[in-house]
Amino acid sequence: MAEEKDNVLMEKVVSLCKRRGFIFPSSEIYGGINGFWDYGPYGARMKRAVEALWWHEMVETRDNVEGLDSTIICHPRVWKASGHLDQFSDLMTDCRKCKSRYRVDQMEDPTTCPNCGSKDLTEPREFNLMMKTFVGPVFDEEHAAYLRAETCQPIFVDFHSVRVATRQKLPFGIAQIGKAFRNEINPRNFTFRSREFTQMEMEFFCDGEDGMKWFEYWKEQRIKYYREKLKFSDDFFRIYEHEKLAHYAKAAIDIEVKFPFGWGELEGVHHRGTWDLSQHSQFSGEDLQYVDHDNKRKLMPTVIETSVGLDRTILALLARGYEEDTAATQKEGMDEDVRIVLHLPPLVAPVQLAVLPLSKKLDENAVKLYTDLNRYFRCEYDVTGSIGKRYRRQDEIGTPLCLTFDFESAADNAVTVRDRDTMQQQRVNISELRSYIENAINR
RNA sequence: GCGAGUGUAACUCAGUUGGUAGAGUAUCACGUUGCCAACGUGAUUGUCGACGGUUCGAAUCCGUUCACUCGCUCCA
């Protein structure tokens, strides 16, 4: 029952995204391509806003976190060292009779289906989640390369260069926003699991003795970010503590949010120990240990990782924000009508402020106001249709504030500011407008 | 990758036994109104997911394929 309702919500969100230009299928005129999605004008704005917010929180306001923008294609040995190439090229076989699929290395008897006992199995086939390409014009194995499956590996690879260039001492972090690619067997749930996606990752390097302390610190920082910046309420997200840890990890939590299809991972905060740098030291032959001059010792830094799925963040905000409530209408024979509204956090709303003249006759003055405010906020100007209709359009794309320039505005130097969530209006003097909006957006 | 379902305008959907497509909403223009999808008049929009077959004729029947949804499987 609840599931059915949630699927309806998901469909509505997908429909809104398409209709209003947040997200649509990639290559749609050719029939689409499974697992790839394009961000339209509003989606792109929103994505940029979330990136900017994260970058500001994680890099710009911290003296001990540096930014990086590394390549998508790295030396193939990077993925040997990380384990991606070996561990994720599993041999799989399908049972033709009961349609189950198994990893060959996990089967007691690779010739018999553990489920139905049939011997009618497909030839074992290799499944690798890394996307492959070729560097150079010759397409042979010698020139094979892979698109990065996560943005963190290049951070480890560049660790030494970043440290030297910035003269950072432990503890310090390196952050990166960028695309990652995985050949997911089955992309699902809109943009939740796609084959090309954007990650926002930060690797924090510290002395192993302080590992758990920093793990707790970053966990707390990230939770705070969701609460305070993205306005997540306690019933919308939860912390999942890993009981079964990856072979290299010392501690791990996922920050999960309530998607229409169920709880899903949004961010991982992981204590990765010294595994990554050790691996790259070993495979590259470069000593990536940190030289602690103060205490005259060398140590392999321990890594605490915070890893966010940006596309998942956008999806979570859209799905959580979607609401259909009722509002007064002037339509004949009706008192109330359905209002679709996206309750997006003002910090990341694609449009933060819409400037709407009450009448076309007021166009000139209103445009001036719009041009001025557009320097400070993400603004949109709209003069078409009735004022009510324009409010509803803005509600649907999640614009927190609408500013209406009316027939008195020129005389009293004030405009009406209308709130998306409450639909309440307030008269604000134009001279105080900027600080009023700033205050409302950052609340 | 397997199984089931779905695919008609930007959106939601109708389309009778095969006779080359409609509605509402949206969008645009003009008029009117002037604070919550108002009203009137008019206009635009589809290779009916794609390809192929059967047929005099296919949105409709058949095959293949692509995409989406759900269930398996996978998810470092």
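Letters A, B, ... mirror the listed sequences (proteins, then strands); counts begin at 1.
- The pair A/D382-A/K389 does not meet the salt-bridge criterion, since no charged nitrogen lies less than 4.0 angstrom from a carboxylate oxygen.
- Within the shown strands, B/U41 is the pairing partner of B/A29 under the Watson-Crick or G-U definition, both distances less than 3.5 Å.
- A donor N or O paired with an acceptor N or O is found under 3.5 Å between the base of B/C35 and the side-chain atoms of A/Q425.
- Distance check on atom P: B/A38 versus B/G57 gives 49 Å, rounded to whole Å.
- Rounded to whole Å, the separation between the P atoms of B/U20 and B/C48 comes to 14 Å.
- Regarding A/Q394, its CD atom lies at a distance of 15 Å from the C1' atom of B/C35, rounded to whole Å.
- Base pairing of B/C72 is made with B/G1, judged by Watson-Crick or G-U wobble geometry with both donor-acceptor distances under 3.5 Å.
- Across B/G46 and B/A14, the matching C1' atoms stand 15 Å from one another, rounded to whole Å.
- Between the C1' atom of B/C35 and the CG atom of A/D395 lies a distance of 13 Å, rounded to the nearest Å.
- Note: A/F156 and A/F205 have perpendicular aromatic rings, judged against thresholds of 30 and 60 degrees for the angle between ring planes.
- For the pair A/K389 and B/U27, the criterion of a side-chain N or O lying under 4.0 Å from OP1 or OP2 is met.
- Nucleotide B/C51 forms a pair with B/G63, judged by Watson-Crick or G-U wobble geometry with both contacts under 3.5 Å.
- B/G19 is paired with B/C56 under the criterion used here, namely a Watson-Crick or G-U wobble arrangement in which both key atom distances are under 3.5 Å.
- Side chain of A/R195 to main chain of A/N183: no donor-acceptor pair is present (N/O by atom type, distance under 3.5 Å, no hydrogens or angles).
- Taking the C1' atom of each, B/G22 and B/A59 are spaced 12 Å apart, rounded to whole Å.
- A distance of about 12 Å separates the P atoms of B/A10 and B/A50, rounded to the whole Å.
- Between A/N183 and the phosphate of B/C75, there is no side-chain N or O to OP1/OP2 separation shorter than 4.0 Å.
- Here A/I387 lies in heavy-atom contact (under 4.0 Å) with sugar-phosphate atoms only.
- Remark: A/N34 is in phosphate contact with B/C68, judged by side-chain N or O atoms under 4.0 Å from OP1 or OP2.
- Across all strands shown, B/C11 forms a Watson-Crick or G-U wobble pair with B/G24, both key distances being under 3.5 Å.
- At B/U27, one or more side-chain N or O atoms of A/R393 fall inside 4.0 Å of OP1 or OP2 (strictly under the cut-off).
- Of all nucleotides listed (B/C35, B/G34, B/A29), B/G34 comes nearest to the side chain of A/K361.
- Taking only side-chain atoms of A/E396, from C-beta outward, the nucleotide of B/U12, B/A37, B/C36 with the closest atom is B/A37.
- Among the nucleotides B/C36, B/C70, B/C68, the one closest to any side-chain atom of A/R188 is B/C70.
- Sequence order on RNA chain B of the closest nucleotides to A/Y391 and A/R272 puts A/Y391 first from the 5' end.
- Remark: the separation of the P atoms in B/G49 and B/U8 is 6 Å, to the nearest Å.
- Mapping A/R312 and A/F407 onto RNA chain B via the closest heavy atom, the residue that lands nearer the 5' end is A/F407.
- Comparing B/U27 with B/C35, their C1' atoms are spaced 23 Å from each other, to the whole Å.
- Salt-bridge formation is not detected for the pair A/E396/A/R392: no Lys NZ or Arg NE/NH1/NH2 atom is positioned less than 4.0 Å from an Asp or Glu carboxylate oxygen.
- Between A/K18 and B/A10 there is no side-chain polar atom (N or O) within less than 4.0 angstrom of OP1 or OP2.
- The base of B/C74 is paired with the side chain of A/R193 by a donor and an acceptor separated by under 3.5 Å.
- Of the candidate nucleotides B/C68, B/A29, B/C36, B/A29 has the atom nearest to the side chain of A/T384.
- Under the Watson-Crick or G-U wobble criterion, with both distances below 3.5 Å, B/G46 is left unpaired in every strand shown.
- At whole-Å resolution of the value, CZ in A/R392 and P in B/A38 are 9 Å apart.
- The base of B/C35 does not come close enough to the side chain of A/R418 for any donor and acceptor atom to sit less than 3.5 Å apart.
- For the side chain to side chain contact (heavy atoms under 4.5 Å, CB included) with A/L230, the qualifying choice from A/L266, A/T313, A/L344, A/L347 is A/T313, the only one to do so.
- Between A/K132 and A/E141 a salt bridge is recorded (basic side-chain N to carboxylate O distance below 4.0 Å).
- Taking atom P on both B/C62 and B/G1, the two are 24 Å apart, rounded to the nearest angstrom.
- In this structure, A/K360 places its NZ atom 10 Å from P of B/C28, rounding to the nearest Å.
- A ring pair (Phe, Tyr, Trp, His ring centres under 6.0 Å) with A/F204 is found for one member of A/W214, A/F215, A/F159, A/F172 and no other, namely A/W214.
- B/C13 atom C1' lies 13 Å from atom CD of A/E11, rounded to whole Å.
- Between A/T404 and the phosphate of B/C35, there is no side-chain N or O to OP1/OP2 separation shorter than 4.0 Å.
- For the ring pair (Phe, Tyr, Trp, His ring centres under 6.0 Å) with A/Y226, the lone residue among A/W54, A/F236, A/F232 that qualifies is A/F232.
- At a threshold of 4.0 angstrom between heavy atoms, the contacts of A/V14 with the nucleic acid are absent.
- Closest approach to the A/S15 side chain among B/G34, B/C11, B/C74 is made by B/C11 (side chain taken as heavy atoms from C-beta onward).
- Checked options A/D412, A/L403, A/L369; the residue passing with A/I430 is A/L369 (criterion: side chain to side chain contact (heavy atoms under 4.5 Å, CB included)).
- Searching all strands for a Watson-Crick or G-U wobble partner of B/C36 with both distances below 3.5 Å returns nothing.
- Taking atom CZ on A/R339 and atom C1' on B/A38, their separation rounds to 18 Å, with Å as the unit.
- Across all strands shown, A/N189 has heavy atoms under 4.0 Å from sugar-phosphate atoms exclusively, and none from any base.
- Between the side chain of A/D406 and the base of B/C35, a donor-acceptor pair under 3.5 Å is found.
- Listed nucleotides: B/G34, B/C35, B/A10. Nearest to the side chain of A/R19: B/A10.
- At a threshold of 4.0 angstrom between heavy atoms, the contacts of A/G35 are confined to the sugar-phosphate backbone, with no base atom among them.
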